[in-house]
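Here's the structure, in structure tokens; my notes come after.
Throughout, residue positions are numbered sequentially from 1 according to the sequence presented. Order of appearance sets the numbers: ligands from 1, and atoms from 1 within every ligand.
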Amino acid sequence: MAEKKAQLTISSNNTALELPIYGGTMGPDVVDVRSLTANNLFTYDPGFVSTAACESKITYIDGEKGQLLHRGYPIEELAKQSDYLEVCYLLLNGELPSEKEKQLFVETVTQHTMVNEQLTHFYNGFRRDAHPMAIMCGVVGALSAFYHDSLNVHDARHREVAAYRLIAKMPTMAAMSYKYSIGQPFMHPRNDLSYSENFLHMMFGTPCEETKISPTIARAMDQIFILHADHEQNASTSTVRLAGSSGANPFACIAAGIATLWGPAHGGANEAVLDMLTEIGDVSRVGEYIAKAKDKNDPFRLMGFGHRVYKNFDPRATVMRESCHQVLKELNMENDPLFKLALELETIAREDEYFIKKKLYPNVDFYSGIILKAIGIPTSMFTVIFALSRTVGWIAHWDEMMGDSSRIGRPRQLYTGSTERTFTPMDKR
Ligand code: SDX
């Protein structure tokens with residue numbers, strides 16, 4: 001029962017409404033506005049800046065503090081002390097696994113890493129130069145055609161099997177989209193490798209020799225997967241929830257999430273950051289681009305900067321910057337010009353009045369591309385890596401929603417179009 005209430009007085013007809021206020025375990029309280037419809041009123045919040053679309057227990061973000069918790073655990077601790085599949089278990093089940101639970105989870109994921117051989121024919125339908133995200137939108141949605149045994153979204157066991165399949169197969173399908181683009185044969189997953197080692201094997205291995213995988217690079221890859229795993233009700237996760245609320249199958253919902261993530265304002269920013277740094281080219285041109293970013297008449301934005309929620313450092317960017325140093329040092333690339341340029345750009349932007357006033361800090365996408373490029377991953381694959389990592393977050397939110405008595409999501413609008421009018425026949429127009 002709500003202890004607190006909000007009073008709403010409508011001056012036009014002197015109506016007074018009492019709206020319940022609910023509090024969570026952390027973060028802002030929410031005002032329950034559901035009774036407004038009965039008073040012929042809607043709330044109005046384009047872009048959902050002030051709207052809590054659901055209740056969730058998975059991830060908490062405090063934008064002012066720059067805090068990100070997954071089931072209560074700080075991202076900094078998970079990135080440094082956990083691994084991606086353990087974080088997947090945590091996001092899906094709410095608790096860290098015991099040794100035995102983790103072993104069973106890893107083994108089950110490993111058993112699902114292969115894709116149906118028929119799926120390989122989907123790749124052949126694409127041009128070799130197709131963007132890998134276009135391929136992923138297609139092939140992930142196509143999984144619906146293969147798994148009729150786990151499409152009952154109201155059956156928790158079906159949802160669990162779909163979760164295993166998606167988490168396990170995303171690296172395989174992602175690597176296939178890369179191999180297809182370079183005309184190399186698809187590499188089958190190996191059960192003797194860890195999740196991240198397996199992905200690197202499928203990306204860079206060839207049938208001609210044993211794949212050599214650097215433990216440092218595998219660890220950096222795993223940390224990147226962790227840092228992108230989930231992020232509350234972001235645009236792509238909200239898309240997955242909305243798609244799932246209609247009862248659509250999980251593969252179709254995740255394909256919708258991939259499509260949304262692709263946008264440069266969202267997950268596509270990591271690719272856009274690298275393109276931007278390459279275009280800037282030299283620290284002597286940073287001022288020119290900062291000026292463009294501040295110019296209201298110029299659509300250019302500093303990619304990798306700003307965030308709807310974070311008005312402080314994105315904690316993931318901080319971890320990513322540290323990881324950048326380590327990986328580049330390991331690879332003897334400490335003087336990587338793009339990394340040095342990124343550090344300079346961050347310093348200059350952070351000292352600029354415009355960025356300080358608008359609280360624009362580097363976000364998760366600002367440094368991730370530099371590590372991915374150092375690992376040897378092409379820029380066009382950056383958002384695919386983001387989608388691979390975020391699949392567990394999308395699935396966790398979809399499963400949480402389907403586990404509750406979810407209703408179909410159906411927002412309303414402020415209509416400002418034509419009032420009713422009679423059709424005008426052509427000879428009268
Ligand atoms: C991700 O939601 C999530 O959690 C997403 C994500 C996740 O893990 O799922 O964190 C991943 O998407 C990170 C964000 C990646 N996108 C980028 O780096 C693209 C560049 N950033 C922006 O386009 C922008 O900052 C957004 C899209 C991230 C946030 O947009 P908002 O919240 O709608 O903010 P806004 O566009 O209203 O900007 C507020 C003001 C504006 O100026 P005014 O109109 O008030 O004068 O800040 C300015 C903007 O012009 N601004 C920028 C800017 N970002 C915002 N100006 C220059 N460069 C920028 N990057």
Legend entry - Ring centroid separation Tyr123 to Phe186 under 6.0 Å: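 Ring centres of Phe186 and Tyr123 closer than 6.0 Å.
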Inset, instruction - May I ask you to check whether Tyr147 and Phe251 place their ring centres under 6.0 Å from each other? - result: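 Yes.
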Quick one: which ligand 1 atoms are inside 4.0 Å of a heavy atom on [X]?
X      : value
Tyr354 : 48 (C), 50 (O), 52 (C), 56 (N), 57 (C)
Ala293 : 56 (N), 57 (C)
Lys296 : 42 (O), 43 (P), 44 (O), 46 (O), 50 (O)

Inset, instruction - Indicate the atoms forming the closest heavy-atom contact of Leu388 with Pro171, along with that distance. - result: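 Minimum heavy-atom contact is CD1-CA, 3.6 Å.
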Protein heavy atom at shortest distance from [atom]:
atom                    : value
atom 19 (C) of ligand 1 : Met303 CE, 3.6 Å
atom 11 (C) of ligand 1 : His266 ND1, 3.8 Å
atom 58 (N) of ligand 1 : Leu302 N, 3.1 Å
atom 28 (C) of ligand 1 : Gly306 O, 3.6 Å
atom 16 (N) of ligand 1 : Ala265 O, 3.0 Å
atom 47 (O) of ligand 1 : Lys358 CD, 3.6 Å
atom 9 (O) of ligand 1  : Arg390 NH1, 2.8 Å
atom 20 (C) of ligand 1 : Phe305 O, 3.4 Å

Contact between [X] and ligand 1, counting heavy atoms under 4.0 Å?
X      : value
Gln233 : no
Arg316 : yes
Gly268 : no
Gly47  : no

Check each heavy atom of [X] against ligand 1 and say whether those closer than 4.0 Å belong to the side chain, the backbone, both or neither.
X      : answer
His307 : both
Val49  : neither
Ala272 : neither
Phe366 : neither

Which option, [options], owns the non-hydrogen atom nearest [atom]?
atom                    : options                        : value
atom 17 (C) of ligand 1 : Ser238, Pro362, Ala349, Ala269 : Ala269
atom 55 (C) of ligand 1 : Asp314, Leu360, Asp365         : Leu360
atom 38 (O) of ligand 1 : Lys357, Arg301, Arg308         : Arg301

Legend entry - side-chain hydrogen bond (donor to acceptor under 3.5 Å, both in side chains) assessment of Glu232 paired with Ser56: CA-CA 8 Å; Glu232 199 214 64; Ser56 181; over 6 Å; no
Salt bridge check, [Y] against [X]: does any charged N sit closer than 4.0 Å to a carboxylate O?
X      : Y      : answer
Asp149 : Arg165 : yes
Lys373 : Asp336 : no
Lys292 : Asp295 : no
Asp32  : Arg34  : yes
Glu279 : Arg285 : no

Inset, instruction - Check the angle between the aromatic planes of Tyr164 and His112 and answer parallel, tilted or perpendicular using the 30° and 60° thresholds. - result: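 Because their plane-to-plane angle is under 30°, the rings of Tyr164 and His112 count as parallel.
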Inset, instruction - Output, in order, the C-alpha distance, side-chain angles, deciding distance and verdict of side-chain hydrogen bond (donor to acceptor under 3.5 Å, both in side chains) for Glu107 and Gln111. - result: CA-CA 6 Å; Glu107 282 168 4; Gln111 293 311 313; over 6 Å; no
Inset, instruction - Please confirm whether Phe355 comes within less than 3.5 Å of ligand 1 when only nitrogen or oxygen atoms on both sides are compared. - result: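 Not met; the criterion fails.
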Legend entry - Nitrogen or oxygen atoms of Gly304 and ligand 1 under 3.5 Å apart: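 Yes - when backbone and side-chain N and O of Gly304 are compared with those of ligand 1, one distance drops under 3.5 Å.
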Inset, instruction - May I ask you to check if Arg350 and Phe355 form a cation-pi contact, with NZ or CZ under 6.0 angstrom from the six-membered ring centre and within 45° of the axis? - result: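 Verdict for Phe355: no cation-pi partner in Arg350.
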Inset, instruction - Return a yes/no value: protein heavy atom under 4.0 Å from atom 36 (O) of ligand 1? - result: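 Protein heavy atom within 4.0 Å of atom 36 (O) of ligand 1: present.
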Inset, instruction - Inspect the surroundings of CD in Glu99 and state if more than 12 heavy atoms from other residues, nucleotides or ligands are less than 6.0 Å away. - result: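 Incorrect, the count does not exceed 12.
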Inset, instruction - Apply the side chain to side chain donor-acceptor pair (under 3.5 Å) test between Asp230 and each candidate in Arg71, Arg390, His397; give the one that qualifies. - result: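 When side chain to side chain donor-acceptor pair (under 3.5 Å) is applied between Asp230 and each of Arg71, Arg390, His397, only His397 qualifies.
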